[in-house]
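First listed ligand is number 1; within each ligand, the first listed atom is number 1.
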Amino acid sequence: MTYILLTGGAGYIGSHTALALLRAGYQVISFDNYSNSSTTALQRVAQLANSNIITLSGDIRDEAALSAVFRQYQISAVVHFAGLKAVGESTEMPLHYYDNNVAGTVTLCRVMREFKVKKLVFSSSATVYGDAKTVPIDETAPRSATNPYGQSKLMIEHILEDLVKAEPDWGITLLRYFNPVGADSSGQIGEDPNGIPNNLMPFISQVAVGKRDKLSIFGDDYPTPDGTGVRDYIHVVDLAAGHLKALQYLESQQGIEAINLGTGTGYSVLDMVKAFSSVNKVAVPYQIAPRRPGDIASCYARPDKALKLLGWQAEKTLEDMVRDSWRWQRQNPNGYGNSN
Ligand code: NAD
Ligand code: WQD
């Protein structure tokens with residue numbers, strides 16, 4: 001029996017991908033230190049899939065612990081979600097971010113090589129495009145980073161590119177996610193940020209459920225149709241399906257490819273607020289606030305490469321995104337901490 005190893009499998013995107021993989025008949029192991037997640041997510045994944053998932057607690061920087069996993073289980077490929085992702089926090093704790101994300105990935109690759117497992121899907125990000133000169137953004141756009149989080153993703157991309165140059169028998173896919181939102185349609189698993197959410201969709205949901213007074217819209221004077229920032233929001237269930245396609249693609253491929261996972265459509269902050277209110281019939285009070293430092297005006301993908309190489313494209317609509325985000329929030333007002 002062979003397994004797919006998910007590092008960070010208990011997290012937001014990892015748990016949705018675990019569910020998609022189990023439903024597709026894969027055997028799945030999650031290896032997570034639970035620094036930003038809960039074991040409940042994977043218990044629910046197993047229930048939803050009516051199947052077992054091996055859940056291991058450990059840190060990707062712990063080489064001995066990782067080696068023990070590879071020794072015990074026959075692993076055919078790794079999907080590497082484990083990482084810290086809060087942009088603001090990364091500027092305050094750069095060493096922690098570089099250690100966790102960059103050093104952790106180097107350790108993971110060393111162990112993979114030792115056990116001759118050379119298929120890797122890596123969670124990269126549209127953040128590697130920095131402030132792109134033109135939209136839509138394709139994979140050949142220049143890369144840059146404006147904060148340690150983004151820098152860590154960029155460094156990892158470079159490290160993996162160098163690894164493939166030196167050892168061409170690796171097969172690596174860098175999946176550059178745009179803005180993941182939404183939740184499984186069961187409302188059982190979803191995004192559960194710690195403290196005050198940094199990202200738009202969980203903030204909107206928490207306002208709607210009454211946990212926060214109002215949303216601050218960061219700037220209404222951007223050069224966009226309504227002045228608020230434009231992003232490529234992608235449903236997490238579509239994203240999960242993209243990982244499945246990437247794993248299938250790697251079965252017959254070597255080398256390294258960077259692939260955007262986005263819808264190709266940009267929506268503004270106001271579009272998101274209005275869609276959330278009207279689809280869910282719930283009020284989302286907001287105020288216009290100053291721009292958030294480091295934010296860009298507009299960012300959305302050219303998703304053609306994913307269709308061409310993986311046969312993948314996003315299928316969920318904006319309505320699906322806001323409806324599913326709300327169902328998760330309403331059913332779990334306190335996330336996994338204290339669910340209804
Ligand atoms: P998440 O925080 O929900 O999941 C990450 C998981 O990794 C968590 O369960 C956490 O406990 C675990 N983890 C962190 N460091 C670890 C370590 N050293 N050892 C073991 N486990 C560790 O985040 P997510 O939204 O699911 O993101 C998954 C990946 O996708 C991350 O690498 C993130 O940078 C990337 N990404 C996320 C977004 C987004 O907006 N959510 C966008 C682009 C890229
Ligand atoms: C979206 C839009 C904000 C919150 C970040 C990371 C990126 C990637 C995805 C990991 C922007 C506006 C937000 C709020 C608002 N993560 N906004 N009020 O900044 O596009 O990307 O998450 O790789 O690296 O930088 O996402 O959800 O924070 O913001 O007005 O309270 O919503 O200004 O226009 P962002 P976001």
Side-chain angles (χ1 to χ4, degrees), residues 6-17 30-39 41-42 56-62 65-66 79-88 90 96-97 99-101 103-105 107-108 122-130 145-147 149-150 152-153 156 175-181 190-194 196-204 206-207 212 214-220 222 224 228-234 236 239-240 243 261-262 266-273 286-300:
L6 310 187
T7 70
Y12 173 44
I13 304 168
S15 56
H16 286 84
T17 304
S30 165
F31 183 85
D32 199 306
N33 67 1
Y34 303 110
S35 58
N36 195 37
S37 54
S38 128
T39 51
L42 292 175
L56 305 174
S57 175
D59 194 297
I60 53 166
R61 291 165 294 178
D62 182 344
L66 265 183
V79 188
H80 177 29
F81 298 103
L84 299 171
K85 61 167 183 176
V87 171
S90 80
H96 185 44
Y97 270 67
D99 182 45
N100 195 84
N101 293 4
T105 301
T107 301
L108 171 67
F122 171 63
S123 297
S124 190
S125 167
T127 194
V128 301
Y129 296 121
T146 51
N147 57 70
Y149 167 70
S152 77
K153 291 290 172 190
I156 296 167
L175 295 180
R176 294 181 181 152
Y177 315 149
F178 279 67
N179 289 59
V181 295
E191 187 172 12
D192 183 17
N194 275 328
I196 302 172
N198 298 305
N199 295 114
L200 179 65
M201 188 59 100
F203 205 106
I204 291 178
Q206 291 195 5
V207 170
R212 315 218 169 259
K214 56 179 168 240
L215 170 74
S216 288
I217 295 185
F218 299 141
D220 67 350
Y222 284 105
T224 59
T228 66
V230 167
R231 298 288 184 275
D232 188 335
Y233 297 94
I234 167 138
V236 68
L239 209 55
H243 292 75
L261 292 185
Y267 290 110
S268 74
V269 180
L270 279 171
D271 289 335
M272 300 306 285
V273 172
Y286 65 84
Q287 64 182 2
I288 304 299
R291 289 183 180 192
R292 183 172 62 179
D295 271 359
I296 56 180
S298 191
C299 173
Y300 54 95

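Atom 6 (C) of ligand 2 has Val87 CG2, 3.9 Å as its closest protein atom, hydrogens excluded (heavy atom only). Atom 28 (O) of ligand 2 has Arg292 NH2, 2.8 Å as its closest protein atom, hydrogens excluded (heavy atom only). The protein atom (non-hydrogen) at minimum distance from atom 8 (C) of ligand 2 is Ser125 OG, 4.1 Å. Ranking the protein heavy atoms by distance from atom 5 (C) of ligand 2 puts Asn199 ND2, 3.6 Å first. Atom 18 (N) of ligand 2 has as its closest protein heavy atom Ser216 O, 2.8 Å. Closest protein heavy atom to atom 37 (C) of ligand 1: Ile13 CD1, 3.9 Å. Among protein heavy atoms, atom 24 (P) of ligand 1 sits closest to Lys85 NZ, 3.8 Å. Looking only at heavy atoms of the protein, atom 29 (C) of ligand 1 is closest to Phe81 O, 3.2 Å. The protein heavy atom nearest to atom 14 (C) of ligand 2 is Phe218 CE1, 3.2 Å. Nearest protein heavy-atom contact of atom 3 (O) of ligand 1 is Tyr12 N, 2.8 Å. Nearest non-hydrogen protein atom to atom 24 (O) of ligand 2 is Thr127 CB, 3.3 Å. Of all protein heavy atoms, the one lying nearest to atom 34 (O) of ligand 1 is Tyr149 OH, 2.7 Å. With hydrogens left out, the protein atom closest to atom 11 (O) of ligand 1 is Asp32 OD1, 2.7 Å, a heavy atom. The shortest contact between atom 4 (O) of ligand 1 and any protein heavy atom is with Gly11 CA, 3.4 Å. Looking from atom 2 (O) of ligand 1 to the surrounding protein, the closest heavy atom is Asn36 ND2, 2.7 Å.
Ligand 2 has a nitrogen or oxygen under 3.5 angstrom from a nitrogen or oxygen of Leu200. Looking at ligand 1, you won't find any N or O of Asn199 less than 3.5 Å from one of its N or O atoms.
The shortest side-chain heavy-atom distance between Phe203 and Tyr286 does not fall under the 4.5 Å cut-off. Between Ser125 and Lys85, every side-chain heavy-atom pair lies at or beyond the 4.5 Å cut-off.
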### Task
Show the numbers, then the answer: is there a side-chain contact (heavy atoms from CB on, under 4.5 Å) between Met272 and Ile217?
CA-CA 11 Å; Met272 300 306 285; Ile217 295 185; over 6 Å; no
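Heavy atoms of Ala126 come nearer than 4.0 angstrom to ligand 1 in no pair at all. Residue Asn100 places a heavy atom less than 4.0 Å from ligand 1. Residue Lys85 places every heavy atom at 4.0 Å or more from ligand 2. Not a single heavy atom of Tyr222 lies less than 4.0 angstrom from ligand 2. For the ligand labelled ligand 1, residue Pro180 lies inside the 4.0 Å heavy-atom shell. Assignment of Lys153 to the shell around ligand 1 is supported, since a heavy atom sits closer than 4.0 Å.
The closest heavy-atom contact to atom 44 (C) of ligand 1, among the options Pro202, Ser124, Ser123, Gly58, comes from Ser124. Between atom 16 (C) of ligand 1 and the options Asn33, Ile156, Thr105, the minimum heavy-atom separation is to Asn33. Selection from Asn198, Asn179, Asp220 by nearest heavy atom to atom 26 (O) of ligand 2 gives Asn179.
Under a 3.5 Å cut-off, the side chain of Asn101 and the backbone N or O of Leu84 do form a donor-acceptor pair.
Close approach of ligand 2 to Ile217 is summarised as follows: ligand atoms under 4.0 Å from at least one heavy atom of the residue are 30 (O). Applying the 4.0 Å criterion to heavy atoms of Arg231 picks out, from ligand 2, the atoms 1 (C), 11 (C), 20 (O), 34 (O), 35 (P). Residue-ligand proximity, Leu215 to ligand 2, at heavy-atom distances under 4.0 Å covers atoms 14 (C), 18 (N), 31 (O). Ligand 1 places these atoms under 4.0 Å from at least one heavy atom of Tyr34: 11 (O). Each of the atoms 10 (C), 11 (O), 13 (N), 14 (C), 15 (N) of ligand 1 lies under 4.0 Å from some heavy atom of Ser35. Close contacts between ligand 2 and Tyr149 involve ligand atoms 10 (C), 23 (O), 24 (O) [criterion: under 4.0 Å to a heavy atom]. The atoms of ligand 2 that sit less than 4.0 Å from any heavy atom of Gly229 are 34 (O). For ligand 2, the atoms lying closer than 4.0 Å to a non-hydrogen atom of Tyr233 are 1 (C), 2 (C), 32 (O). Atoms of ligand 1 lying under 4.0 Å from at least one heavy atom of Gly8, given by number and element, are 6 (C), 7 (O), 12 (C).
The structure places CG of Asn36 at 8.0 Å from CG of Asp192, a figure rounded to the nearest 0.5 Å.
Under 4.0 Å from ligand 2, the heavy atoms of Asp295 that appear belong solely to its side chain. Looking at Thr228 against ligand 2, nothing comes within 4.0 Å, counting heavy atoms. Counting heavy atoms closer than 4.0 Å to ligand 2, residue Val269 contributes side-chain atoms (C-beta onward) but none from N, CA, C or O.
Checked against the 6.0 Å centroid criterion, the rings of His16 and Phe81 do not qualify as a close aromatic pair.
By the 30° and 60° cut-offs, the orientation of the rings of Phe122 relative to His80 is tilted.
Within a 6.0 Å sphere centred on OH of Tyr34, other residues, nucleotides and ligands contribute more than 12 heavy atoms.
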